[in-house]
Amino acid sequence: MFYTIPHYYRAFRCSKGACPDTCCGGWEISIDRAALKKYRKKKGPLGARLRNEIDWSRKCFRQYHGQCAFLSEEKLCELYQEGGEALALCVTCRLYPRHAEEFPNLREFSLSLSCPAAAEQILLSPVPVRFLQGENPNRTETHRFWGFDIPLFTTLKKNRSFLFQTLQDRSRPLYLRTAVVLAFCHDLQERVDRRALNRAEELFVRYRSKDLLEWFSRRLSARNRREELRHQTLARLFGLLDHLEILRDDWLPYFSGAKAALQSQCASSVQSREAFRKFFTDAMTEQLLIYFLFTYFYGAVYNGSPYGKAKLAFAGTVLIRELAMAYWLKAQAPVRGSAPDAPQTVSLRIALEAAWKFSRELEHSDFNLYRLEALLEDEERFGLEALFSLFPT
């Protein structure tokens, strides 16, 4: 069995009482078979409570007001406090925020952006992410992957490596790197749709061409005529979030407050956006793009949509960036005609909060992930030209 992890994976430490949120609210906590068997056998008052506070048909803990039944007023796990780790931690609780994606003879582990401590590690990593690989020859595959498309998966593996190399080439502007990634995945999609995977290799030659990169640079540097399209595309992106299910009570006011701030004249000014980029840096944007691609790109083996996964990664990154900008502007109450200048610590807190709040709504709901990717398939509204308009140059 082979394994892949980002270089910061093992450095994760829970912030415990200092955490601004809780792992135990906003989504169902699924219970694995072994834990269910253990909980069913527990005797005494704690056993009685377990039998009452588990939805045995759905195999999850019951929730009250969006919180796990065992979450105390102090935001601590009462099951852990009463029964100890040996009893308390089902697989979900034990592993979070660690996340695994499984493929034949391959497991890829990441930290979930929805955890505030993990979001800090992901966004604030000062260096490009390195992916560490290893093998456990004593561990063999136990899952059955029915209908798994091995040729497509092989193609995706080669292409994802190219996407990572492109995005992490900091000698080039981020907008150019991102445009190349989106266009590359667009062309890859055409070959997947035509079942012409044997022609995917030629994309590497084309997209490594210096002439093509210079053509992209010239095209993206033409800022006139793009401003109206940028406003339209941003509004359409935010509109997609209205079609997703709401997981947490605090999401709707947070989201509505961001939309109101972004509709202000200040939010649309070039001066404000340039000032914001000093805090929400290109390096942070790069880390988000890499995070989403690492987590979801291989999933195209199941739906045949590498372009869809790239658009999902880009849309998620842009939405987090815009949410952060909205609250960055609100935090400063700038003087009319002057550029805002929030303290560094406030700006970082706002950026991190935008990341984990958005992730909790998107990534903890299969419906939301599938729905957002499906809505982004609309090429008239979210084609390459529309996506390119969102790049700062």
Side-chain angles (χ1 to χ4, degrees), residues 101 103-104 106 108 145 147-169 174-209 211-213 215-217 219-220 229 233 236-237 240 243 285-286 288-319 362-363 366 368-391:
E101 292 289 334
F103 308 97
L106 173 66
E108 294 205 324
F145 294 87
F148 193 85
D149 191 333
I150 295 295
L152 176 57
F153 190 61
T154 302
T155 298
L156 292 173
K157 290 171 71 174
K158 293 178 181 178
N159 284 275
R160 195 183 71 173
S161 295
F162 173 77
L163 301 183
F164 287 171
Q165 292 169 9
T166 300
L167 281 173
Q168 294 180 327
D169 180 5
L174 179 63
Y175 73 86
L176 178 59
R177 292 178 261 158
T178 310
V180 168
V181 164
L182 286 169
F184 180 93
C185 290
H186 174 275
D187 292 351
L188 174 63
Q189 187 66 56
E190 292 183 342
R191 284 152 178 78
V192 172
D193 292 342
R194 297 201 310 264
R195 301 184 182 276
L197 295 182
N198 59 319
R199 296 190 58 197
E201 294 280 346
E202 67 191 29
L203 292 176
F204 297 134
V205 177
R206 178 191 302 177
Y207 278 87
R208 287 189 176 110
S209 164
D211 291 340
L212 184 68
L213 292 174
W215 178 84
F216 266 113
S217 183
R219 177 180 178 185
L220 294 170
L229 181 57
T233 306
R236 289 167 177 169
L237 272 181
L240 297 185
H243 297 275
T285 304
E286 173 197 305
L288 284 173
L289 288 166
I290 293 290
Y291 166 81
F292 282 117
L293 285 172
F294 177 67
T295 307
Y296 298 110
F297 188 73
Y298 280 178
V301 73
Y302 298 114
N303 70 352
S305 182
Y307 183 40
K309 302 301 181 185
K311 291 171 80 172
L312 178 68
F314 180 69
T317 299
V318 169
L319 286 166
L362 177 68
E363 296 190 90
D366 287 341
N368 283 348
L369 281 167
Y370 298 147
R371 181 66 170 158
L372 183 57
E373 184 176 346
L375 291 170
L376 287 167
E377 290 178 358
D378 186 344
E379 281 291 285
E380 289 188 10
R381 303 172 74 214
F382 302 109
L384 285 177
E385 282 295 328
L387 300 182
F388 287 170
S389 72
L390 300 177
F391 298 151

side-chain hydrogen bond (donor to acceptor under 3.5 Å, both in side chains) between D193 and Q189: does it pass, once the steps are laid out? CA-CA 6 Å; D193 292 342; Q189 187 66 56; 2.9 Å; yes
What closest approach, in Å, do [X] and [Y] show between heavy atoms, and which atom pair accounts for it?
{"X": "A386", "Y": "S389", "answer": "O-OG, 2.5 Å"}
{"X": "A310", "Y": "L182", "answer": "O-CD2, 4.0 Å"}
{"X": "S217", "Y": "L176", "answer": "N-CD1, 3.8 Å"}
{"X": "A315", "Y": "L376", "answer": "CB-CD1, 3.7 Å"}

Side chain to side chain contact (heavy atoms under 4.5 Å, CB included) between L240 and F382: does it pass, once the steps are laid out? CA-CA 11 Å; L240 297 185; F382 302 109; 3.7 Å; yes
What pairs meet the salt bridge (charged side-chain N to carboxylate O under 4.0 Å, His left out) rule with one or both residues in residues 198-208, with sequence neighbours excluded? K158-E201, D187-R206, R191-E202, R199-E202
Just grab all the salt bridge (charged side-chain N to carboxylate O under 4.0 Å, His left out) pairs involving residues 294-309, residues at least two apart or on different chains. K309-E373
Test of understanding: with side chain to side chain donor-acceptor pair (under 3.5 Å), list the residues that count as partners of E379, not counting sequence neighbours. Y307, K311
Could you check if a side-chain atom of [X] sits within less than 4.5 angstrom of a side-chain atom of [Y], using non-hydrogen atoms only?
{"X": "F184", "Y": "T166", "value": "no"}
{"X": "P306", "Y": "L152", "value": "no"}
{"X": "L106", "Y": "F153", "value": "yes"}
{"X": "L390", "Y": "L229", "value": "no"}
{"X": "F314", "Y": "V181", "value": "no"}

Looking at [atom1] of [X] and [atom2] of [Y], how far apart are the two atoms once the value is rounded to the nearest 0.5 Å?
{"X": "Q168", "Y": "L174", "atom1": "CD", "atom2": "CG", "value": "11.5 Å"}
{"X": "L167", "Y": "L288", "atom1": "CG", "atom2": "CG", "value": "11.5 Å"}
{"X": "L319", "Y": "L372", "atom1": "CG", "atom2": "CG", "value": "7.5 Å"}
{"X": "L197", "Y": "T154", "atom1": "CG", "atom2": "OG1", "value": "9.5 Å"}
{"X": "L312", "Y": "T317", "atom1": "CG", "atom2": "OG1", "value": "9.0 Å"}

Residue pairs passing the side chain to side chain donor-acceptor pair (under 3.5 Å) test where at least one lies in residues 177-186, sequence neighbours excluded: R177-E286
Could you list the donor-acceptor pairs under 3.5 angstrom formed by side chains in residues 289-302, with sequence neighbours left out?
residue, atom, partner, partner atom, Å
Y291, OH, L113, N, 3.0
Y291, OH, E363, OE1, 3.0
Y291, OH, E363, OE2, 2.9
T295, OG1, Y291, O, 2.8
Y296, OH, E363, OE1, 2.4
Y298, OH, R160, NH2, 3.3

Around atom CZ of R194, are there more than 12 heavy atoms from other residues, nucleotides or ligands closer than 6.0 Å? yes
Output all residues satisfying side chain to side chain contact (heavy atoms under 4.5 Å, CB included) with L213, sequence neighbours left out; order by chain, then residue number. R172, V180
Has the side chain of S161 got a donor or acceptor atom that lies under 3.5 Å from a matching backbone atom of K157? yes
